[in-house]
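See structure below.
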Amino acid sequence: MINITLPDNSVRQYPEGITGMDIAKSISEGLARNVLAVKVNEEVWDATRPIPMDSRVTLFTWDSEEGKHAMWHSSAHLMAEAIEQLYPGAKFGIGPAIENGFYYDIDFGERSVSSEDFPKIEAKMLELARAKQTFIRKEVHKAEAIEYFSKKGDEYKVELLNDLEDGTITFYETGTFTDLCRGPHLPDTSPIKAVKVLAIAGAYWRGDETRKQLTRVYGITFPKQKELTEYMELLEEAKKRDHRKLGKELELFTFSAKVGLGLPLWLPKGAMLRERLEMFLKKVQKKAGYQPVICPHIGNVELYKTSGHYQKYGESSFRPITTPVPGEEFFLKPMNCPHHCEIYKYKPRSYKDLPIRLAEFGTVYRYEQSGELHGLTRVRGFTQDDAHIFCTPEQVKDEFKGVIDIVMLIFKALDFKDFVTQISLRDQTKKEKYIGSDENWDKAEKAIIEVAQERGLNYVIVPGEAAFYGPKMDFMVKDAIGRKWQLGTIQVDYNLPDRFELEYIGNDNQKHRPVMIHRAPFGSMERFVAVLIEHTAGKFPLWLTPEQVIILPISEKYQKYAEKVSSLLNNSDIRAQIDDRNEKTGKKIRDAEMKKIPFMLIVGEKEELEESVSVRKHGEGDLGGQTLAAFVNFIQEEVNRELGDLSA
RNA sequence: GCCGGUGUAGCUCAGCUGGUAGAGCAGCUGAUUUGUAAUCAGCUGGUCGGCGGUUCGAAUCCGUCCAUCGGCUCCA
C-alpha cells in the first residue's frame, strides 16, 4: 500500500500502482468522468499512469490550467492523427498546447494547405475523438525511437530525438498516430467534443530563420460545443477593440502609403490625447527631479560609432543622410541615449550633482522589417518618453524605486491592473557575454529584485534575457486578443558610460564612472496609446479623452445658448463642442454615443430658461437636469478624482 | 525578410461558372426646427490595389509587384 496525500492534506491509502483515475473514482464517479490529468508531486502525469510510491496528488479537470493543457496537448495529437490520415506523407515537427489552444508544426511537402481545408480537418478530428481512442504511453529506447521515425521518414522527430537522452524517451500512441512526446495526455479522446481549426501560419523549424519553414496549424478544442461558441464570440468582441479599428473610427491616427510604411500620422483628436499623456508625465517627472532636454533628430555617424550602435545596427537601419561635404554622414536617431550622454559630458560633473535625470520625449526611427509592422504597436518612427539617469552604483536602487513609482502612478491613472513585471537578468553560465563588472551586476540585479519585492510587484525573473549592457525590468500588458506588449522599461547600462567615457568627481577627488539608467514608463507614445485603446475599448478616462462633452441643441433656436454653454465649459478647462448639425436630437445622441463622448448636454427651451443642461452619460443614458454651474463642478471633481493628487 | 489569407466609393460590404459595377452609412443640396441611439427627398462619388498576360471581351482567370491581416524570425 502507498500513501496518497490529497490537496486538503488528507491522506488515503491505495495499492501501489494506483492511477489518478482510480483515485478519482474512489472519491466520486463525477470526478472520475471529468479528470483530465493528475499532478504527482511536482510533475503532471497522465491520469492513467500508475503511481509507484507515496505521493502528493492533485486531480485536474477542465477548470484548471493543467487540465486544459492536457486537453489541448492531446488535441494536438488528435489533429496530427487526422492530418496524417487526410494528407499521407505529412511530416511532423512539434505540437504543444499554448495559452489558448494548441498548434502543430507540419511539413506538408509539396502540398499547400489553406483555410479551405479546415472543415475537413475538424470533421476528421471529431470522428476520431468520438471513437474514444486511448492515449497509450510507452517508454522506448533511443535507438528504437530513432529507427521508428527514420523508417517513417520524419526527419524532424529524428532530429529532436538526437538531442534527447536515452532513458527519458516516451512515445504516445493514439489510434494510428504515434508521437514522440513527454505527455501528459488525457486518458482517451472522448472529452474532446468541440473542435476548431483556427489559423495557419508559417513557422521556422526550431525558430531558426535559416531553416525550413513549416506550416503551423492552430486549433482549439472544448469539452462542450457551447464553450467553443462562447470562445468564438469572445474573439469577435476582441476584434471590436482592435486599436487599428478604433483608431480609425475615433479619428485618432492614420497611415499613408505616401508618407511611408510604419510612420503614423496623429490626427487632431489623437494628438490631443497624446499631448495630455505627455503633460501628465511631464508634471510627474518635474516633481521627481527630472530635467527636460531637447535633441535634434539626427546625429553624426561618429556619435553612433562611439555608442557602438553603428557597428551593431548600421546595416539594418535607415540609410545614412549625406551632405555636400564628402564623407560626412548623419543617421536618423534610433535612440536618444547617445545624445543624452553628450549632454552629460558637456561639463565636468561632481558626485554632488548626481543623480542627473535628463528627460525628453524623443522621436526615434528604426527600420523594422516590413512584416513586423503592426498598427501603432510596432512602427518605424515613434516617440519614447525617454529619460536617462546618471548616478553612482549605490544610487541605482533608489533610482529604480523612483522609476517604478512613476510607472505605477501612470498605470493607476489609466486603470491598468492586468500587467506583468518581467525582470531580465544575466545568464549566469555565460558571464563573459556581458559588459560591466561582476560586482556591479550583482549589486544591480539584487537591487532590482529587492525593489520589486518592496513595491509588492507581481514579477517574473527571466535569466539570460538581460541586454549585454545591463539588467532590466519591463512592464508587459496584453492587448485585446491576449498578445503581450512591452510598455514601460527600466534598464541599467554599464556600457554607454564606458564608451562615452562619462565621469564624475567623487568626494575622494578621483574620477569615477557613473551608471546609466534608461527608462521609459510609457515605452513609446504610439504603443502605449495602442494598448490603452484596446484596454478601454476607446472609452478613455475623462481626464484624457479628446472630447469630454458634446452640446446638443434641440434646434437652431437654441444655438446661442449652446454657444454660451460651450464657452463657459471651455473657460473652465472642459473640452466641449457643439453638434449644430440640422439633425434630430435622437440622431445627435446616437452619433455622440458611437464616438464614445462621455457626456452629452441636451439644451432646449427649458434649459435656456433655467440656465441648466440636461445631462446624458455615454453608455448609461439620461442623468436628468443640472444647473450649468453644478455640471462644471461635477466634471472638475470627476477629473480630480481620476488624477488623485496630480490634479493640481 | 519568410509562410498563408485579404484588397470593389471616405467607411462597412454585395457582385453566381468572364459580358466593361451596386447597397447602406458618410459627404453635398433642399425640405423639416426637431427632447434622450438613425427625419425625408435629390445629388455627387469607383481607370474594382498597381503593372503585365490570356481572351472578341477581365473586378472575375494567370503572373508579378505593392499594401494589409494572422503567424514566424526580429525588436538597440
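Below, chains carry the letters A, B, ... as their sequence lines are ordered, and counting in each starts from 1. What you are looking at is a predicted structure, and each value in this text was computed from that prediction instead of being measured. Side chains included, hydrogens not; waters and symmetry mates left out as well; all remaining heavy atoms used.
Not a single donor-acceptor contact under 3.5 angstrom links the side-chain atoms of A:Arg366 to the base of B:C74. In the interface, the side chain of A:Glu607 is paired with the base of B:G35 through a donor and an acceptor atom under 3.5 Å apart. You won't find any donor-acceptor pair under 3.5 Å spanning the side chain of A:Glu209 and the base of B:C2, going by distance alone. Side chain A:Tyr367 to base B:G1: no donor-acceptor pair is found below 3.5 Å. In the interface, the side chain of A:Glu372 is paired with the base of B:U73 through a donor and an acceptor atom under 3.5 Å apart.
Within the 4.0 Å cut-off from OP1 or OP2 of B:G5, not a single side-chain nitrogen or oxygen of A:Ser115 is found. At the phosphate of B:A76, neither OP1 nor OP2 sits under 4.0 Å from any side-chain N or O atom of A:His518. Between A:Lys596 and B:A37 there is no side-chain polar atom (N or O) within less than 4.0 angstrom of OP1 or OP2.
Aromatic pair A:Tyr310/A:Phe331: ring centres closer than 6.0 Å. Residues A:Tyr344 and A:Phe390 bring their aromatic ring centres within 6.0 Å.
Shown here, B:G24 forms a base pair with B:C11; the pair counts as Watson-Crick or G-U wobble because both key distances fall under 3.5 Å.
In the model, A:Tyr304 has no side-chain atom that pairs as donor or acceptor with a side-chain atom of A:Gln311 under 3.5 Å. The closest side-chain donor-acceptor pair between A:Asp107 and A:Tyr156 falls under 3.5 angstrom. For the 3.5 Å distance criterion, the side chains of A:Trp205 and A:Asp105 fail to qualify, holding no donor opposite an acceptor.
Atom name C1', nucleotides B:G45 and B:G35: the rounded distance is 35 Å, in whole Å. Here the separation of B:G70 from B:A58, taken at their C1' atoms, is 30 Å to the nearest Å. Going from the C1' atom of B:C16 to that of B:U12 covers 22 Å, rounded to whole Å.
Comparing A:Lys557 and A:Arg378 by the nucleotide of RNA chain B whose heavy atom lies nearest to each, the residue mapping closer to the 5' end is A:Lys557. Residues A:Ala257 and A:Asp591 each lie close to RNA chain B; by heavy-atom proximity, the contact nearer the 5' end of the strand is made by A:Asp591.
Remark: A:Arg380 qualifies as a cation-pi partner of A:Tyr367 under the 6.0 Å distance and 45° angle criteria applied to the six-membered ring.
A:Ala201 comes within 4.0 angstrom of a nucleotide base, judged by non-hydrogen atoms across all strands. Using a 4.0 Å heavy-atom distance criterion, A:Gly586 is classed as a sugar-phosphate-only contact. Heavy atoms of A:Glu249 sit nowhere under 4.0 angstrom from any nucleic acid atom. A:Gln486 comes within 4.0 angstrom of no nucleic acid atom, judged by non-hydrogen atoms across all strands. Here A:Thr585 lies in heavy-atom contact (under 4.0 Å) with sugar-phosphate atoms only. Residue-level contact check: A:Tyr218 touches the backbone only, with heavy atoms under 4.0 Å from sugar-phosphate atoms and none from bases. A:Lys588 comes within 4.0 angstrom of nothing in the nucleic acid, heavy atoms only. Heavy atoms of A:Gly371 sit under 4.0 angstrom from at least one base atom. Counting non-hydrogen atoms under 4.0 angstrom, A:Leu261 reaches the backbone sugars and phosphates but no base. Residue A:Arg244 is in sugar-phosphate contact alone, with no base atom involved, counting any heavy-atom pair closer than 4.0 Å across all strands shown. A:Arg216 comes within 4.0 angstrom of sugar-phosphate atoms only, judged by non-hydrogen atoms across all strands, and of no base. No engagement by A:Lys312 is indicated, since no non-hydrogen atom pair under 4.0 Å with the nucleic acid exists. Across all strands, A:Arg483 comes closer than 4.0 Å only to sugar-phosphate atoms, never to a base (heavy-atom distances).
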Pull out every protein N or O sitting under 3.5 Å from an N or O of nucleotides 7-14 of chain B, one pair per line with the distance.
none

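The environment of A:Ile294 atom CD1 is sparse: at most 12 non-hydrogen atoms of other residues, nucleotides or ligands sit within 6.0 angstrom. The number of heavy-atom neighbours closer than 6.0 Å to NZ of A:Lys269, taken from other residues, nucleotides and ligands shown, is above 12.
Closest non-hydrogen pair, A:Glu526 versus A:Thr383, comes out as OE1-N, 2.9 Å.
Here B:C74 presents its P atom at 19 Å from CD of A:Glu315, a figure rounded to the nearest Å.
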